[in-house]
Amino acid sequence: MPVITLPDGSQRTFDHPVTVDEVAGDIGPGLRKAALAGRINGKLVDMSHLIAQDVTLAIVTDKDPAGLEVIRHSTAHLLAQAVKQLFPEAQVTIGPVIEGGFFYDFAFHRPFTPEDLAAIEARMAELAKADEKVTRRLMPRDEAVRFFKDQGEVYKAEIIASIPDTDEISLYGQGDWVDLCRGPHVPSTGKLKAFKLTKLAGAYWRGDSRNEMLQRIYGTAWPDKKQLDEYLHRLEEAEKRDHRRIGKELDLFHLQEEAPGAVFWHPKGWIIFQALIGYMRERQGAAGYEEVSAPELMDAALWAQSGHLEKFGENMYLTKTPDERTYALKPMNCPGHVQIFKHGLRSYRELPVRLAEFGKVHRYEPSGALHGLMRVRAFTQDDGHCFITEEQITEECGAITRLILDIYKDFGFEDVRIKFADRPPKRVGSDEVWDKAEAALMAASRAAGIEFTLNKGEGAFYGPKLEFVLRDAIGRDWQCGTLQVDFTMPERLGAHYIDDHSAKRTPVMLHRAMFGSLERFFAILLEHHAGKLPAWLSPVQAVVLSITDRQDEYVRRVTESLKNQGFRVEHDLRNEKVGFKIREHTLKRVPYLLVAGDKEVAANLLAVRTRSGKDLGTMDPETFAERLRIELKSRGRQVLEG
RNA sequence: GCCCAUGUAGCUCAGUCGGUAGAGCACGUCCUUGGUAAGGACGAGGUCACCGGUUCGAUUCCGGUCGUGGGCUCCA
């Protein structure tokens, strides 16, 4: 006698057990048709799920995020079914839903080709059109293992064998194909109407690089064709704002074969880079940091003492010199800063000592990890180290966290996620010291009132850390800022201060970076703004354009004057039509285009146009300068273009 | 590091079933003096990533190396 309570609070009573599908049909034929799954007491189930008890039930359609997940998961199954039909020797493994779509990993004796992909997709379309019923059944674990082993599906058998005894094993079938799955799934394959296979890739079995390489097929799926097309369009748009592409278009930097993972900064890119440094110099100077510079090349012995050589050695560049010494190119700035701290006797009265450096570090990253400016082998950190007493940890961590979040706001990043990364397997320092460091950072985070998620085992080898994560235009997450508590390094490198009882004490060291890598932050900024950097960061803030050569003298004079006032301004006197010049500088994302024709020259004016095509009318050069000055000073919060 | 793809002019890309290559844009010269996203003509530009092999002959076929791209692993 199940009584079923619906989301709107209404109840339906049945005199026999009913399926979700029947309930949906009872509510209305339209809903029954649109239904993909049910949610019983908060748990997702199939349409065929039989309800015998009193429950609350919601019918899940494609309007529900969970419905979209069901569609994607079922499309992954459809993919596997198609692959098994076309390539019976291929073995299936796993096929989860991911952001934007799904993938399925297969073991196969040869790589899939783009032609295979097209054939698979075509077969999937046929199978969807056949509208095969999707059925669920339970099977005892041992029987399921045997069932898949008999079919040569050793990966599936391995997965089932690793499922705890207590969990039930459910199998889903559609047509001639059966797969292990927790479910739920769409009631029939006809519900899958809009999908596309997007790419092929390799992936390790169970994500372990010691395991064999499987072949992963990525795809995306949506409730309808329109949403699929919109998604594909979004991908295209994201590609247009790829920092590598914009870097080329705007002539900001380049990379070349001879220096994999190292950047050749062009004049315009370097202006932006320096603007970032200038900004950070100002902010951290105000926060009590003193800027220093430590050697890039130091004797390997120092890196052995710090523990870097042992824990980080495979990522370090080493060089042997004619004097038979081995030097290491610094992969981190901390040991250098400790040397500066420990030079001379330090008193507790001096603490906190805050040292900062725009330090260029080199790390030999695996070749496959390199990615534009996002992942390089030579990069610049806005690195800083605070030498403090244990009592100062909470306050100092709070100050750093507030500073980081405030700085991100200046660049338009409001949504920042914070992760707490605790002790990694490869580490230095005793467990007691780690307990203390983790507790201290945790307490400081709580005191600062920030929310964070746990990133297990991802701390630095010398201490736990907070990671500040930004999301880029294509939806990828990038760790930028970091804050680490370190009870180990000062000890290993022999740093001390004298406390108020004239005793030698070891300071606690905080490592922090806000941009993290300037190269990466630069790339994220470019993508975030699609190249349209705010004027205070733009390499060229305005271009003065002549219409004919009669304005040359005036244009030169105005440009010179603006330059003398500290603005980054160029002129364009080329023998081209004004439309051509406008187009070109707009494509170069120059914030302001200042046009001078005969009329403007006669009245000492400039016709001001923005890169987004807005006409701001005419104004005299002094007025423009004043307004631009305000915009730059407010870092874009007060914008000339309105 | 691993899997797959890929490397032709400054850029974006054609092309050569093996006989040393072409377009558009950019660049140079000239014509045009034109009012808010491409005016026109002519010209110059490439050891077809690098090293080997097969071949009378390789940019093209094969092998390797390096780089790049998409993933995996790793990470700021």
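Computed over heavy atoms, backbone and side chain alike; hydrogens, waters and symmetry mates excluded. Remember, it's a predicted structure, so these values are computed and weren't measured experimentally. Within every chain, numbering begins at 1; the chains are lettered A, B, ... in the order of the sequence lines, protein sequences first and strands thereafter.
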Check nucleotides 1-4 of chain B for protein N or O atoms closer than 3.5 Å to its own N or O atoms and list the pairs.
from	atom 1	to	atom 2	distance (Å)
B/G1	OP2	A/Ser367	OG	3.2
B/G1	N7	A/Gly368	N	3.3
B/G1	N2	A/Tyr204	OH	2.4
B/C2	O4'	A/Tyr204	OH	3.3
B/C2	O2	A/Tyr204	OH	3.4
B/C3	O2	A/Gly202	N	3.3

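Residue A/Gln381 places none of its side-chain N or O atoms closer than 4.0 Å to OP1 or OP2 of B/A76. For the pair A/Lys248 and B/G10, the criterion of a side-chain N or O lying under 4.0 Å from OP1 or OP2 is not met. Distances shorter than 4.0 Å separate none of the side-chain N or O atoms of A/His371 from OP1 or OP2 on B/G71. Here A/Arg244 reaches the OP1 or OP2 of B/G69: one of its side-chain N or O atoms lies under 4.0 Å away. Taking only side-chain nitrogens and oxygens, A/Lys199 comes nearer than 4.0 Å to OP1 or OP2 of B/G71. A/Lys614 has no side-chain polar atom (N or O) that falls below the 4.0 Å cut-off from OP1 or OP2 of B/U36. Contact check, A/Arg609 against B/A37: a side-chain N or O comes under 4.0 Å of OP1 or OP2.
Where stacking is scored as ring centres under 5.5 Å apart with planes under 30°, A/Phe379 registers as stacked on the base of B/A76.
Contact annotation for A/Gln479: backbone-only contact, meaning every heavy-atom pair under 4.0 Å involves sugar-phosphate atoms and none involves a base. No engagement by A/Val361 is indicated, since no non-hydrogen atom pair under 4.0 Å with the nucleic acid exists. Using a 4.0 Å heavy-atom criterion, one finds that A/Asp598 contacts the bases of the nucleic acid, with or without backbone contacts as well.
What you find for A/Glu600 and A/Thr618 is that their closest heavy atoms are OE2-CG2, 4.0 Å.
Side-chain atoms of A/Glu258 and base atoms of B/A49 include no donor and acceptor less than 3.5 Å apart. Judged by atom type and distance alone, A/Arg375 reaches the base of B/C74 through a side-chain donor-acceptor pair under 3.5 Å.
The aromatic rings of A/His511 and A/Tyr462 lie parallel to each other, their planes meeting at an angle below 30°, with 60° marking the opposite boundary.
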ask   = Can you give the dot-bracket line for RNA chain B, using ( ) for pairs inside the strand, [ ] for pairs that cross earlier ones, | for pairs with another strand and . for unpaired bases, where Watson-Crick and G-U count if both distances are under 3.5 Å?
value = (((((((..((((.....[..)))).(((((.......))))).....(((((..]....))))))))))))....
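In B/G45 the O4'-C1'-N dihedral to the base is within 90° of 0, which defines a syn nucleotide.
In the region residues 401-412 of chain A, proximity to RNA chain B at under 4.0 angstrom, judged on heavy atoms, holds for none of the residues.
As rounded to whole Å, 16 Å separates atom C1' of B/G10 from atom CG of A/Leu255.
Judged purely by distance below 3.5 Å, without hydrogens or angles, the side chains of A/Asn315 and A/Glu365 never pair a donor atom with an acceptor atom.
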